[in-house]
Amino acid sequence: MDQLRALRAFVRVVDEGSFAQAARVLDLAPAGVTRLVADLEQQLGARLLHRTTRKLSLTPTGEQYLERARAILGDLDEADALVRDQGRQPDGVLRISGPQPFMTLQLAPRLPLFHARWPGIVLEVDASLPLAVPDERADLTLLLSDPRGLDGDFVARRLARAEVLLCATPDYLRQLGRPTTPSELLRHRVLVPSTALSGSGWTLQRRGSTECFEIPGSLAERAPVTLRSASAAFLLEAARAGLGIATTLSFQVAEELRAGRLERVLPDWQLGHYTLHAAMSSRKFLPARTRVFVDFLLEQFGGEDRDPWL
């Protein structure tokens, strides 16, 4: 008996729910699939499946055996893929998910370089709202986590750190003054998403020091308000137009800060940070196209616990 072939037939029968459908997927005669599973049971000396005219179900022994069979076949498939990848240019479709601001501002401009290196890889990108866990439909998800870190059954490679900044246009700061202490923020139009104002407040910490400044309660009740929105992107655009001081992540305004179109406010004080990760759902063998893309991200963003945009 070809035990490997029988293992694949058994797993496929369970996955498809019938011998006939498994036979179609495996391109075998139904009688051949039935014989493979029967031979496997005979060799093991145990029944793996309950068979009725209406449905199939696993026996308790079959449930235990199925778990091990999947692991064996998975390891074998990974070993085969590893050998096939040796000496071959990575190709195929790579599905990526991530937060729209990062994907648009930081990833998209770097894709020509990636394509020049790996022209056989087709990227399928979903740039949507930030996710807390990997997208099950994607091969790789870019996640932004707060200092509490990530939690879940997946693998994540740190790519970079992105600080939360306060920024405004030079014209706004010339007209209303540049804050030198956190308390002076209360005299400015600070554009903070309304969802962020419902918490206990802000804590700013002076860099290289334990000195902190607390802004308790709702900032919206203590500072001049001319605009409210739950959209951080909308508020940032308003700040770019000169309306006030916005909170944002460093990678969203890095180019504007370098060009002088925006200025950092209170650069000696830290408001918080997020960590960018490349996350995958399994520790098992990764296709070459996924591995070279993760390596490319690490090369581009450093892979360290520091902000490459500042």
Side-chain angles (χ1 to χ4, degrees), residues 99-106 108-109 127 129-130 144-147 160-276 301 306-310:
Q100 186 273 333
F102 181 84
M103 307 293 267
T104 301
L105 296 171
Q106 296 298 327
L129 296 174
L144 280 169
S145 69
D146 62 24
R161 172 175 171 161
E163 289 206 30
V164 180
L165 307 180
L166 294 165
C167 63
T169 62
D171 283 346
Y172 171 88
L173 295 173
R174 276 194 293 269
Q175 292 174 22
L176 281 85
R178 289 172 171 80
T180 58
T181 65
S183 62
E184 293 179 28
L185 289 174
L186 301 178
R187 298 197 295 270
H188 281 266
R189 296 192 296 267
V190 181
L191 309 178
V192 184
S194 52
T195 51
L197 295 172
S198 60
S200 59
W202 285 0
T203 299
L204 290 91
Q205 181 174 345
R206 188 184 290 275
R207 297 180 189 279
S209 166
T210 58
E211 181 183 356
C212 293
F213 184 87
E214 302 281 343
I215 302 180
S218 173
L219 182 64
E221 296 174 357
R222 304 187 58 185
V225 175
T226 55
L227 176 66
R228 288 193 178 98
S229 174
S231 170
F234 181 82
L235 294 173
L236 177 56
E237 286 301 318
R240 286 169 171 149
L243 183 63
I245 299 173
T247 57
T248 186
L249 291 174
S250 57
F251 64 76
Q252 294 181 262
V253 293
E255 181 58 35
E256 291 160 295
L257 291 174
R258 281 193 292 269
R261 295 191 297 272
L262 290 175
E263 288 185 24
R264 289 185 66 182
V265 175
L266 297 176
D268 294 332
W269 292 80
Q270 291 177 302
L271 188 57
H273 73 271
Y274 287 79
T275 302
L276 177 70
F301 302 114
R306 66 178 185 84
D307 194 321
W309 297 284
L310 296 180

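Residues: numbered from 1 along the sequence shown. Predicted model only: the values in this text are computed from it and were never measured.
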Legend entry - CA sep, side-chain torsions, deciding dist, call: Leu165, Gln252, side chain to side chain contact (heavy atoms under 4.5 Å, CB included): CA-CA 10 Å; Leu165 307 180; Gln252 294 181 262; over 6 Å; no
Legend entry - Stepwise side chain to side chain contact (heavy atoms under 4.5 Å, CB included) test for Leu144 and Phe251: CA-CA 12 Å; Leu144 280 169; Phe251 64 76; 4.1 Å; yes
Legend entry - Derivation and outcome, side chain to side chain contact (heavy atoms under 4.5 Å, CB included), residues Leu249 and Val164: CA-CA 5 Å; Leu249 291 174; Val164 180; 3.8 Å; yes
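For Arg264, there are no salt bridge (Lys or Arg N to Asp or Glu O under 4.0 Å) partners at least two apart in sequence or on another chain. Scanning for salt bridge (Lys or Arg N to Asp or Glu O under 4.0 Å) contacts around Arg178 gives Glu263, with sequence neighbours left out.
When atom types are taken as modelled, the side chain of Arg207 and the backbone of Pro267 share a donor-acceptor pair closer than 3.5 angstrom. Put simply, the side chain of Gln205 gets close to the backbone of Ser209: a donor and an acceptor are under 3.5 Å apart. Listed for the Gln106 side chain is no donor-acceptor partner under 3.5 Å among the backbone atoms of Phe102.
Nearest heavy atom pair, residue Gly244 against residue Ala168, reads O-CB, 3.5 Å. Smallest separation of non-hydrogen atoms from Arg189 and Leu176: NH1-CD2, 4.1 Å. Annotation for Pro179 and His188: closest pair CG-NE2, 3.5 Å, computed over non-hydrogen atoms. Shortest non-hydrogen contact noted between Thr248 and Cys167 is CG2-SG, 3.8 Å. Taking all atoms of both residues into account, the shortest heavy-atom contact from Thr169 to Arg240 is CG2-O, 3.3 Å. A pairwise comparison of heavy atoms in Ser250 and Asp307 identifies OG-OD2, 2.6 Å as the closest pair.
A perpendicular orientation is assigned to the rings of Trp269 and Phe213, their planes being inclined by more than 60° (bins at 30° and 60°). Classified by interplanar angle (parallel below 30°, tilted 30° to 60°, perpendicular above 60°), the ring pair Phe301/Trp309 is tilted.
In summary, the side chains of Ser183 and Thr181 do present a donor paired with an acceptor at a separation below 3.5 Å, with no hydrogens or angles considered.
Between atom CG of residue Leu266 and atom CD1 of residue Ile245 there is a gap of 7.5 Å, rounded to the nearest 0.5 Å. The structure places CG of Leu204 at 10.5 Å from CD of Glu211, a figure rounded to the nearest 0.5 Å. The NE2 atom of His273 sits 8.0 Å away from atom CD of Glu163, with the distance rounded to the nearest 0.5 Å. Atom CG of Leu235 sits about 7.5 Å away from atom OG1 of Thr247, to the nearest 0.5 Å.
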